[in-house]
**Q** 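This structure is in C-alpha cells; I'll ask about it shortly.
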Amino acid sequence: MSEYFPYLIVAGFATMLTRFLPYWIFKRKSENRALAHLQKNSGLMIMAILTIYSLKATGFMLNSVGFFMIICLALTFILHKLKHNFLLSITAPTILYMILLRIF
C-alpha cells in the first residue's frame, strides 16, 4: 500500500487541478448571454441527464428497487424545489437510496 501512496497523491492533485482550474482561469462573468444561461442552469441540466439515464438503465422495475427509486426521485424534486441546492438535492436522495437498499 505504501508504494502506491505517491501515485495516489499525484492522481488526487491532478484531479483537483482539473476540477478547479477552469474556475480560477475564468473568474470573470461572461458577456455572452448563451454562456451566462449555461452557467446559471448547468446544475439543473446535469440533474436532468442523470435522472433520465438512471431511469432508462433500470427500466422502472416493478419491485422494491423500483419503488425506492421513485421515492428518492420524488425526494430529489421536493428538496430542489424547497432548497434550490443542487448538492443537497443529489446527495440526500443518494444516501437514502443506499440506506433503503441495505435495509430491505
**Q** Counting only heavy atoms from other residues, nucleotides and ligands, does the tally under 6.0 Å from CE of M16 exceed 12?
**A** no
**Q** Going from CD1 on I46 to CG on N41, what distance comes out if it is rounded to the nearest 0.5 angstrom?
**A** 11.0 Å
**Q** Look up atom OH in Y97 and atom CE in M69, then write down how far apart they are to the nearest 0.5 Å.
**A** 6.0 Å
**Q** Can you list the residues that meet the ring-ring contact (aromatic ring centres under 6.0 Å, His included) rule with F104, with sequence neighbours excluded?
**A** F68
**Q** Rounded at 0.5 Å granularity, tell me how far CG in L87 sits from CG in L79.
**A** 11.5 Å
**Q** How long is the straight-line distance from CE of M98 back to CD1 of I103, given to the nearest 0.5 Å?
**A** 12.5 Å
**Q** Search all heavy atoms of L100 against all heavy atoms of C72 and return the closest pair with its distance.
**A** CD1-SG, 4.5 Å
**Q** Could you tell me the separation between the CG atom of L88 and the OG1 atom of T76, rounded to the nearest 0.5 Å?
**A** 9.5 Å
**Q** Does I78 sit in a hydrophobic cluster with other residues, and if so which ones, taking ILVMFWY side chains as linked at heavy-atom separations under 4.5 Å, directly or through other members?
**A** L82
**Q** Measure the OG1-CZ distance between T15 and F20 for me, rounded to the nearest 0.5 Å.
**A** 11.0 Å
